[in-house]
J.: 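Dumping the structure here so I can ask a few things about it.
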Amino acid sequence: MGIRILGTGSYLPEKVLTNSDLTRIVDTSDEWITTRTGIAERHIAADDEAVSDMAYHAAMKAIDAAGTTPEEIDGIILCTISPDHLFPSSACILQQRLNCPRAFCFDLQAACTGLIYALEVAHSMMLSNKKFRKVLVVSSEKLSYITDWTDRNTCVLFGDGAAALVLGSTDNGEDSIIAASLGADGNHWSKLQVPAGGSRMPVTQEAIDNHLYCIHMSGQDVFKLAVSAMADSCNEALEIAGLTNDDIDWLVPHQANLRIMKMVANRLSIPIERVYVNVNRYGNTSSATIGICLDEMIRNGLIKKGQNVLMTAFGGGLTWGSIIIKY
Ligand code: UT7
């Protein structure tokens with residue numbers, strides 16, 4: 001038995017916020033944002049649009065592309081750092097909206113590495129329990145509501161969006177997920193965090209006044225750690241798969257910063273033409289970036305049957321991971 005990607009979908013909210021729009025909010029410039037990050041614009045969810053709403057649109061597209069129906073879905077894993085509520089899980093809210101009565105549901109929180117973790121979790125669950133024949137993996141993020149719009153160090157980086165994949169089990173042994181490498185280092189947890197809103201620091205007026213319910217990041221530290229962790233985990237995944245960089249048709253890195261992506265590609269000796277980039281259009285949508293890339297690439301016919309795709313991500317935790325898919 002093996003696992004295949006049956007269909008993908010993605011959703012970006014309608015509103016677009018350009019770099020020039022941001023120059024009217026904080027002391028920044030299009031030139032700074034473009035040269036330091038590669039980002040030109042990002043999408044921002046409507047006030048009444050929550051993570052499960054965006055997840056719903058992406059999931060419906062993936063279910064359609066997979067040629068299946070919500071009733072056939074056996075499980076939902078939803079990756080997010082910006083859930084509808086602290087609990088219940090946004091996966092349960094999505095289940096109700098999609099109407100997948102027999103699906104198990106849980107949220108998975110590995111920050112920007114969420115989708116890589118979730119694919120490996122879904123893959124392992126499906127291989128170990130034959131009852132789970134179709135599992136929906138979704139990443140959805142409304143980072144705009146935890147963005148400090150007065151902090152130019154962070155507010156230019158993030159965007160909102162969602163992506164979904166339907167994984168299906170095959171009886172012929174054909175397995176799309178051929179290697180995975182996952183890692184974390186909690187020693188650096190405070191370098192990328194939302195300080196308030198949990199049991200450590202509840203939301204108080206003081207926390208609100210100091211924007212402690214928003215994303216705080218030590219950008220330069222995270223930058224350096226991201227490059228080496230992603231490159232090392234890609235190498236580990238290649239070794240597990242018994243492949244070399246020449247066997248990789250596409251590198252799909254987490255879309256946080258174009259400079260990070262170029263440095264990772266350079267360390268792996270993968271030419272930039274084989275690296276998929278859309279950070280210019282969407283910014284950093286945390287766990288959703290890789291899924292949005294994958295959906296765009298599949299819909300545009302860039303990924304061909306039989307090609308090897310190496311996906312890698314890094315984020316809060318700190319967490320990182322890489323997965324190789326034979327499409
Ligand atoms: O998704 C999870 C993983 N996240 C990441 O991988 C993000 C990793 N970090 C980064 O991508 C980069 O560190 C940033 C894009 C966040 C920052 O780029 P940087 O080249 O590391 O800039 P910096 O933080 O060292 O700041 C350089 C200068 C500072 O000014 P001074 O102190 O040199 O005068 C900042 O105040 O740039 C200034 N600056 C800005 N200037 C204009 C910071 N943000 C802005 C801005 N516009 N938006």
J.: Can you measure from OG (Ser169) to NE2 (His123) and round to the nearest 0.5 angstrom?
T.: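 Rounded to the nearest 0.5 Å, the OG-NE2 separation comes to 10.5 Å.
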J.: Is there a donor-acceptor pair closer than 3.5 Å between any side-chain N or O of Asn19 and the backbone N or O of Ile39?
T.: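 Checked: pair present.
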J.: State yes or no: do Val166 and Leu119 share one hydrophobic cluster built from I, L, V, M, F, W and Y residues joined by side-chain heavy-atom distances below 4.5 Å, directly or via other members?
T.: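 In one cluster with Val166: Leu119, no.
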J.: How far does SG of Cys155 sit from CD1 of Ile215, to the nearest 0.5 angstrom?
T.: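 That separation rounds to 11.0 Å.
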J.: With distance as the sole criterion, is a donor-acceptor pair present between the side chains of Asp30 and Thr34 under 3.5 Å?
T.: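 Judged by distance alone, the side chains do pair up.
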J.: Check for me, please, whether Ile325 and Met1 land in the same ILVMFWY cluster - side-chain distances under 4.5 Å, paths through other members count.
T.: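 Ile325 and Met1: one cluster.
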J.: Run the side chain to side chain contact (heavy atoms under 4.5 Å, CB included) check on Phe223 and Arg259 step by step: do they pass?
T.: CA-CA 9 Å; Phe223 189 115; Arg259 286 187 294 144; 3.8 Å; yes
J.: Do Asp151 and His216 have a side chain donor and acceptor closer than 3.5 Å?
T.: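 Side-chain D/A pair, Asp151 to His216: absent.
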J.: Does any non-hydrogen side-chain atom of Asp295 lie less than 4.5 Å from one of Ile292?
T.: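 Side-chain contact under 4.5 Å: no.
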J.: May I ask you to decide if the ring planes of Tyr276 and Trp250 are parallel, tilted or perpendicular, using 30° and 60° as cut-offs?
T.: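 Tyr276 and Trp250: perpendicular rings.
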J.: If only side-chain N and O atoms count, and only distance matters, is there a donor-acceptor pair under 3.5 Å linking Glu239 with Asn235?
T.: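 No pair is found: no donor N or O on one side chain lies under 3.5 Å from an acceptor on the other.
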J.: Would you check if Lys262 and Leu258 make a side-chain contact, meaning some heavy-atom pair closer than 4.5 Å?
T.: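 The answer is yes; the side chains approach within 4.5 Å.
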J.: How are the rings of Phe104 and Phe106 set to each other: parallel, tilted or perpendicular (split at 30° and 60°)?
T.: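 It falls in the parallel class, under 30°.
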J.: Answer yes if the side chains of Glu141 and Ser82 hold a donor-acceptor pair under 3.5 Å, and no otherwise.
T.: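 Yes, Ser82 and Glu141 have a side-chain donor paired with an acceptor closer than 3.5 Å.
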J.: Please determine whether a side-chain nitrogen of the Lys or Arg among Asp232 and Arg267 lies less than 4.0 Å from a carboxylate oxygen of the Asp or Glu.
T.: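 No salt bridge links Asp232 with Arg267.
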J.: Quick one: does Ser322's side chain have a donor or acceptor within less than 3.5 Å of a partner on Ser181's backbone?
T.: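 Between the backbone of Ser181 and the side chain of Ser322 there is no qualifying donor-acceptor contact (under 3.5 Å).
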J.: Show your reasoning for whether side chain to side chain contact (heavy atoms under 4.5 Å, CB included) applies to Leu243 and Asn308.
T.: CA-CA 10 Å; Leu243 299 175; Asn308 293 320; 4.0 Å; yes
J.: Hey, does the side chain of Tyr117 reach the backbone of Gly183 with a donor-acceptor pair shorter than 3.5 angstrom?
T.: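 Judged by distance alone, yes, a pair lies under 3.5 Å.
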J.: Any side-chain heavy atom of Lys15 within less than 4.5 Å of one from Pro13?
T.: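 In short, these two side chains do not touch, never coming nearer than 4.5 Å.
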J.: So, Asp148 side chain and Cys214 main chain: donor-acceptor pair closer than 3.5 Å or not?
T.: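 No, because the side chain of Asp148 does not come within donor-acceptor range (under 3.5 Å) of the backbone of Cys214.
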J.: Under 4.0 Å between a Lys/Arg side-chain N and an Asp/Glu carboxylate O for Asp74 and Lys130?
T.: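 Answer for the salt bridge query: no.
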J.: Say whether Ile323 and Ile77 are linked into one hydrophobic cluster, either directly or through other cluster members, by side-chain heavy-atom distances under 4.5 angstrom.
T.: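 Looking at the clustering, Ile77 is in the same group as Ile323.
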J.: Ala111 and Ser286: which non-hydrogen atoms are nearest, and at how many Å?
T.: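 The pair with the smallest heavy-atom distance is C-OG, 3.7 Å.
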J.: Could you tell me whether a side-chain N or O of Asn129 sits under 3.5 Å from a main-chain N or O of Met125, the two making a donor and an acceptor?
T.: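 Here the side-chain-to-backbone pair does not exist.
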J.: Report yes or no: does Arg42 contribute a side-chain atom to a donor-acceptor pair with the main-chain N or O of Val156 at less than 3.5 Å?
T.: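 Between the backbone of Val156 and the side chain of Arg42 there is a qualifying donor-acceptor contact (under 3.5 Å).
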J.: Are Met60 and Leu165 grouped together when hydrophobic residues (ILVMFWY) are joined by side-chain heavy atoms under 4.5 angstrom apart?
T.: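 Per the 4.5 Å side-chain linkage, Met60 and Leu165 are not co-clustered.
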J.: Please lay out, stage by stage, how Ile303 and Leu294 fare under the test side chain to side chain contact (heavy atoms under 4.5 Å, CB included).
T.: CA-CA 8 Å; Ile303 300 181; Leu294 212 56; 3.8 Å; yes
J.: Can you check whether Glu120's main-chain N or O pairs, donor with acceptor, with Ser124's side chain at less than 3.5 Å?
T.: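 Such a contact is found between Ser124 side chain and Glu120 backbone.
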J.: Taking all non-hydrogen atoms of both residues into account, name the closest pair between Thr312 and Ile116 and its distance.
T.: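 The answer is N-CD1, 4.3 Å.
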J.: Can you tell me how far the NE2 atom of His254 sits from the OG atom of Ser287, to the nearest 0.5 Å?
T.: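 OG of Ser287 is found 9.0 Å from NE2 of His254.
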J.: Check whether any side-chain heavy atom of Met261 lies under 4.5 Å from a side-chain heavy atom of Ile272, and answer yes or no.
T.: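 Result no, sub-4.5 Å side-chain heavy-atom pair not found.
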J.: Is it true that Lys142 and Glu49 make a salt bridge, defined as a side-chain N closer than 4.0 Å to a carboxylate O?
T.: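 Salt bridge: no.
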J.: How about CG on Asp47, more than 12 heavy atoms from neighbouring residues, nucleotides or ligands closer than 6.0 Å, or not?
T.: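 At most 12 heavy atoms, drawn from other residues, nucleotides or ligands, come within 6.0 Å of this atom.
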J.: In chain order, what residues pass the side chain to side chain donor-acceptor pair (under 3.5 Å) check against Thr147, with sequence neighbours excluded?
T.: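 Side chain to side chain donor-acceptor pair (under 3.5 Å) list for Thr147, sorted by chain: empty.
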J.: After noting the C-alpha distance and the side-chain angles of Ile44 and Tyr145, does the key distance pass the side chain to side chain contact (heavy atoms under 4.5 Å, CB included) rule?
T.: CA-CA 9 Å; Ile44 303 292; Tyr145 96 94; over 6 Å; no
J.: How far does CD of Gln255 sit from CG of Asn278, to the nearest 0.5 angstrom?
T.: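 These two atoms lie 4.5 Å from each other.
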J.: Look at atom CE of Met297 and say whether more than 12 heavy atoms of other residues, nucleotides or ligands are closer to it than 6.0 Å.
T.: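 More than 12 within 6.0 Å, yes.
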J.: Examine Tyr327 and Val137 and state if one hydrophobic cluster contains both, with Ile, Leu, Val, Met, Phe, Trp and Tyr joined whenever side-chain heavy atoms are less than 4.5 Å apart.
T.: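 In one cluster with Tyr327: Val137, yes.
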J.: Looking only at heavy atoms, which two atoms of Ser139 and Ala288 are closest? And how far apart?
T.: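 Ser139 and Ala288 have their closest heavy atoms at CB-CA, 3.6 Å.
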J.: Which atoms form the tightest heavy-atom contact between Pro195 and Leu212, and what is the distance?
T.: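 Residues Pro195 and Leu212, closest heavy atoms: CD-O, 3.1 Å.
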J.: First locate atom OG1 of Thr113, then atom CG of Leu182, and finally report the distance between them rounded to the nearest 0.5 Å.
T.: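 So the OG1 of Thr113 and the CG of Leu182 are separated by 9.0 Å.
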J.: Under a 4.5 Å cut-off applied to non-hydrogen side-chain atoms, are His85 and Ile93 in contact?
T.: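 A side-chain contact exists here, since the closest heavy-atom pair is under 4.5 Å.
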J.: Find out whether Asp185 and Trp320 are in side-chain contact, i.e. whether some heavy atom of one side chain is under 4.5 Å from a heavy atom of the other.
T.: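 The answer is yes, as the side chains (C-beta and beyond) meet within the 4.5 Å cut-off.
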J.: For a 4.5 angstrom cut-off between non-hydrogen side-chain atoms, does Val275 reach Pro253?
T.: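 In contact.
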J.: Might you point out which heavy atoms bring Ala226 and Phe314 nearest each other, and give the distance in Å?
T.: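 Minimum heavy-atom contact is CB-CD2, 3.4 Å.
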J.: Is it the case that the side chain of Arg152 and the backbone of Thr28 share a donor-acceptor pair, with hydrogens and angles ignored and the cut-off at 3.5 Å?
T.: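 No; zero donor-acceptor contacts below 3.5 Å.
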J.: Got a donor-acceptor contact below 3.5 angstrom from the Asn245 side chain to the Leu268 backbone?
T.: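 Confirmed, Asn245 side chain pairs with Leu268 backbone.
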J.: At their closest point, which heavy atom of Ala179 faces which heavy atom of Ile240, and how far apart are they?
T.: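 Between these two residues, the closest heavy atoms are CB-CG2, 3.9 Å.
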J.: Ignoring hydrogens and angles, state whether a donor on the side chain of Thr18 or Glu41 is under 3.5 Å from an acceptor on the partner side chain.
T.: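 Not at all, the side chains of Thr18 and Glu41 share no donor-acceptor pair under 3.5 Å.
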J.: Does Leu225 reach the side chain of His188, with side-chain heavy atoms less than 4.5 Å apart?
T.: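 When only atoms from C-beta onward are counted, His188 and Leu225 do touch, with a gap below 4.5 Å.
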J.: Is a side-chain donor or acceptor of Asn257 paired with a backbone partner of Arg36 at a separation under 3.5 angstrom?
T.: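 It does hold such a pair.
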J.: Measuring from Leu310:CG to Asp247:CG, what's the distance to the nearest 0.5 Å?
T.: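 Reported value, rounded in 0.5 Å steps: 11.0 Å.
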J.: For the pair Asp249 and Arg274, find out whether any cationic side-chain nitrogen is under 4.0 Å from an anionic carboxylate oxygen.
T.: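 Judged by the 4.0 Å cut-off on N to carboxylate O distance, Asp249 and Arg274 do not form a salt bridge.
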